[in-house]
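For reference, the structure discussed in these notes is given below.
Whatever order the structure lists ligands and atoms in, that order sets their numbers, starting from 1. Note that the coordinates shown come from a computational prediction; the quantities given were computed from them, not determined experimentally.
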Amino acid sequence: MAAPAPTGPTEAEARAFIDQTELQLRALWSNQQRVQFVQNTHITHDTETLNAQASEQVMDFLAKKIKEASKYESVQVAPELRRKFDLLRLAQDLPAPPEAAERAELATLAAAMETAYGKGKVCPPKLGGKCLTLDDLSRTLAQSRNYDELLEAWKGWHDQARALRGTYARYVNLANRGAQAFGFSDFGTMWRTRYDMPPEAFAAEVERLWQQVQPLYESLHCYTRMKLRQAYGNRVPETGPIPAHVLGNMWAQDWGNLFTMVAPAGKAQTYSLKQRLLQKKVTPTGLVKMGEGFFTSLGLDPLPDTFWQRSMFVRPRDAEVVCHASAWDITLKGDLRIKMCIEIDEENFQTVHHELGHDYYYWYYRDLPTLFQQGANDGFHEGIGDTIALSITPKYLKQIGLMDASQEAQLDDVSFLLRDALDRVAFLPFGKVIDQWRWDVFSGKVKPSEYNKAWWELRQKYQGIVPPVTRTEAEFDPGAKYHVPANVPYARYFLARILQFQFHRALCQAAGHTGPLHKCSVYGNKAAGDKLKALLAMGASKPWPDALEAVTGTCTMDAGPMLEYFQPLQAWLTEQNAGRTCGW
Ligand code: X8Z
Ligand code: ZN
């Protein structure tokens, strides 16, 4: 008699495996979050070591579970359960290399790079032992109009990052070994596989969106360059790329700080949000309260008391910290925090809304299964707070007492949109470049001996900027940007920049807004709030095109709404640039 055919595992067994894995993951992730939060708010040798240990633990656990999961590959299971298996394979921030010693090394390197970035300082001899932090240097970049002073601050911060070069190359090596152990050709491919489509299709998608917005960026670049030339003379070329240090920001990623310099001639710019906030003696906590106030006006919950008790809002006097802003849910059950070094200005006002967007996402999906506690894709997560910030219109500022009626009347559409574009439009090529570079580094197309060369080629090609002084392979300029040493993917911010306008238009429609999109604020509108809550509560339970369709009615990412929003500015820029050679 023939032996009965061997039967594979059942759907029930597959489900039990995932349920158990999710429970264990929640505990491990929560522990890791807690340790990381402590490290980020109090860098010492010990907190860094604890962080490395926690990462290693998560790495080991996920590697084991992903291997076990292959048993269930051919089991017929419900789509929702299959999605969890797919998400499990992609859940590693750091993919475990095969050897235990390599895993420990990768975890140690990653923790060390993040803390090194956090501790980064510049100590110019002329200050006689006094050192400058990134906050200090950024203030100079934002406020100074002295070419050489700007250069010194820019060069100081970029030069100190050279210490990370060797460690970074080793990290690339180990992370690739990890990614390959799970069937990805390299770590960058693993990153690009997180978008419910093949990795090549995702790269093409980013390129397609960039092509949509490139003309708008080029118009802004052309106009800004002309204005900068008026201020800095021949040191800013008439037709070539702009030196990277005169754009008001350490990485030339958003240019809002140039507003008073580039504002339309003849329109006196008397209004300053920063001045108004200072005048009203708004504290860092007060700034966060204002952000919360927007979300609650939409009918979303107030932040829990523990948020106010456990967050870090200012740079402590007596500890090394990672100041780069971030948002947390330590327990994955609503222990929300933000960590920021708030200074009272417009940029921080925007960032507070950005971070609270993350916290509200965490909050509304906190009851979902662990693997679904993510954004529909990571661009959604980055785009929520920014969507809300798009509703910070003059009308809204007046409503909350941050602008007078006379100031509102004076502010014309072009000035308002120009201010906004200096941040949101200027960012677009930067949002693309960071991972364009890392994808090439991880794939091996760019070798360590060409790190800086490749970096500046991309910066010039997409952003139309050049380093203000010669850079060589002795330096490591990508390391001067937080997300590179901190192992945080960046394409998400590019997507967010596009998505936030799609979300904004959808919320405005729900609120019954008519008229130009840039005039819309959904402040106080519960219908818009309901739409937002529904999106947040979906987490990653469905592929992102479904989530996008549920909010906007379309399942493709599209820069159309962004172009619509900036249309009056685009028309004005075209007039201003008439007769000039744009591009670089
Ligand atoms: O890193 C951030 C947030 C934390 S997720 C502050 N952003 C990017 C950056 O600063 O480079 C927000 C905009 C882009
Ligand atoms: Zn963010």
Side-chain angles (χ1 to χ4, degrees), residues 33 36-37 40-41 93 114 117-118 120 134-135 137-138 141-142 157 161 244 247-257 284 287-288 291 311-313 315 321-329 336-343 345-363 374-390 420-438 459 462-463 477-501 503 536:
Q33 291 288 309
Q36 267 175 7
F37 188 82
N40 268 255
T41 54
D93 281 340
E114 189 181 10
Y117 183 92
L134 178 58
D135 317 355
L137 298 161
S138 292
L141 264 293
W157 183 251
L247 288 155
N249 173 276
M250 186 58 84
W251 309 277
Q253 70 180 63
D254 38 50
W255 308 344
N257 289 318
L287 207 67
V288 182
S311 288
M312 182 188 104
F313 293 153
R315 184 190 273 277
V321 297
V322 179
C323 266
H324 189 85
S326 51
W328 307 67
D329 178 0
L336 305 180
R337 326 256 174 106
I338 64 173
K339 171 196 63 80
M340 277 181 74
C341 298
I342 297 180
E343 304 203 9
D345 61 22
E346 177 149 9
E347 193 175 331
N348 277 269
F349 190 60
Q350 296 275 336
T351 304
V352 160
H353 291 80
H354 176 95
E355 297 308 330
L356 292 184
H358 287 306
D359 272 348
Y360 275 102
Y361 222 144
Y362 299 142
W363 182 252
Q374 305 177 43
N377 70 38
D378 53 8
F380 281 58
H381 227 300
E382 296 302 337
I384 298 302
D386 292 4
T387 300
I388 296 306
L390 278 172
D420 221 13
L422 286 168
D423 282 339
R424 292 185 214 257
V425 176
F427 179 82
L428 290 160
F430 182 78
K432 186 171 195 290
V433 157
I434 306 288
D435 278 358
Q436 203 74 46
W437 180 81
R438 279 191 289 192
R459 298 263 272 165
Y462 288 102
Q463 286 183 275
D477 294 329
K481 177 66 194 166
Y482 169 75
H483 304 69
V484 173
N487 184 43
V488 181
Y490 211 85
R492 54 183 63 172
Y493 301 105
F494 176 78
L495 302 182
R497 225 26 82 117
I498 307 285
L499 284 167
Q500 60 194 252
F501 290 91
F503 296 157
L536 303 181

(request) Anything with a heavy atom under 4.0 Å from ligand 1 counts, so go ahead and list those protein residues by chain and number. (result) Gln253, His324, Ala325, His354, Glu355, His358, Glu382, Phe427, Lys481, His483, Tyr490, Tyr493, Arg497

(message) Set out, in order, the CA-CA distance, both residues' side-chain angles and the distance that settles ring pair (Phe, Tyr, Trp, His ring centres under 6.0 Å) for His381 and Tyr362, then state yes or no.
(response) CA-CA 9 Å; His381 227 300; Tyr362 299 142; 5.2 Å; yes

(message) Below 30° counts as parallel, above 60° as perpendicular, anything between as tilted: where do the rings of His358 and His354 land?
(response) perpendicular

(request) Give the ring-plane orientation class for Tyr482 versus His324, where under 30° counts as parallel, over 60° as perpendicular and anything between as tilted. (result) parallel

(request) Run through Tyr490, Tyr493, Phe494, Trp437 and flag the one making a ring pair (Phe, Tyr, Trp, His ring centres under 6.0 Å) with Phe430. (result) Tyr490

(request) Would you check if Val288 and Met340 make a side-chain contact, meaning some heavy-atom pair closer than 4.5 Å? (result) no

(message) Does the plane of the ring in Phe37 sit parallel, tilted or perpendicular to the ring in Trp328? Use 30° and 60° as the thresholds.
(response) perpendicular

(request) Decide, counting backbone as well as side-chain atoms, whether Glu382 has an N, O or S atom less than 2.8 Å from the Zn ion (ligand 2). (result) yes

(message) Among the N/O/S atoms of His358, which is closest to the Zn ion (ligand 2)? Give the atom name.
(response) NE2

(message) Using 2.8 Å as the threshold, say whether any N, O or S atom from His381 sits that close to the Zn ion (ligand 2).
(response) no

(message) Taking salt bridge (Lys or Arg N to Asp or Glu O under 4.0 Å) as the criterion, tell me which of Asp435, Asp386, Asp378 meets it with Arg492.
(response) Asp378

